[in-house]
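A short worksheet on the structure shown next.
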Amino acid sequence: MARATAARLVTAVAEAQAARGGASVVLTGGRNGNALLAALAQAPGRDGVDWSRVDLWWGDERFLPDGDPDRNHTQAREAFLDAVPLDPARIHPMPASDGPHGHDAAAAAAAYAAELAAAADADGAGGGTPRLPVFDVLLLGLGPDTHVASLFPGHPAVREEERTVTGVLEAPKPPPTRISLTLPAIRSARQVWLLAAGEDKAEAAAGALAADDPFEVPAAGARGRERTVWILDEAAAARLPASARG
Ligand SMILES: O=C1O[C@H](COP(=O)(O)O)[C@@H](O)[C@H](O)[C@H]1O
């Protein structure tokens, strides 16, 4: 699944570059996101992309010191970032807890929102609401509890409608302090790809596809403007109704 998704992502990025010159991808952490990045580093078509014209953003981050092995950015660096010729100025990790905002996750989230707004202004998308650059593909790993990014079921962060980025306190999955794009920010992306591999995602995938209340099932609120793509392996698809399995 990771290899197939990597091939699909290479195509999507190359198409965006052909159409608009650059491409913008939002990365996810977690097992499925990291497997995808490792596959992307090895993808046969990866040299068909001009990596120096790709902006990389993050959908969420564990609010830990820079270089902490549990940070999504650290894991992405190990799996992918050092393997392709990216422009360092176009890699946009979320702030770390030892940065200028200290342990203030809300201030760190506001700083990331400002960075996104500046990028929106730079690419001419700044007049819109929310103020975000155009995301060509936004990746989300589905959590076994249906969380996406760091938006957890029943957590007030899921209901955030004004901000594009929010600090998340008391997350049920460690570490408890996180930063996350909000659902309106996620829904601004052209394409949202939800990744689910493994038996422990089967219940969540079936639940998310059937649910309509994002507060209880955050993955149900993750939609792309143009396309929403669910990418599941056989184990994660095991509980879907036969009609959805094709
Ligand atoms: O903590 C996180 O979890 C989810 C899903 O992770 P997985 O290991 O169950 O696949 C991930 O999407 C998110 O980015 C991450 O911070």
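Whatever order the structure lists them in is the order used to number ligands and atoms, beginning at 1.
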Can you pull out every side-chain hydrogen bond (donor to acceptor under 3.5 Å, both in side chains) where at least one residue sits in residues 169-178? Sequence neighbours excluded, please.
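Qualifying pairs, neighbours excluded: Ser150-Arg178.
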Report yes if some heavy atom in the side chain of [X] is under 4.5 Å from a heavy atom in the side chain of [Y]; otherwise report no.
| X | Y | result |
| --- | --- | --- |
| Trp230 | Leu142 | yes |
| Leu139 | Val26 | no |
| Gln17 | Val13 | yes |
| Phe135 | Val25 | no |

Those residues with a heavy-atom separation under 4.0 Å from ligand 1 are Thr28, Gly29, Gly30, Arg31, Asn32, Asp60, Arg62, Asn72, Gly141, Pro144, His147, Ala149, Lys173, Arg178, Lys201
Nearest-0.5 Å distance that lies between atom NE2 in His73 and atom CG in Asp68
12.5 Å
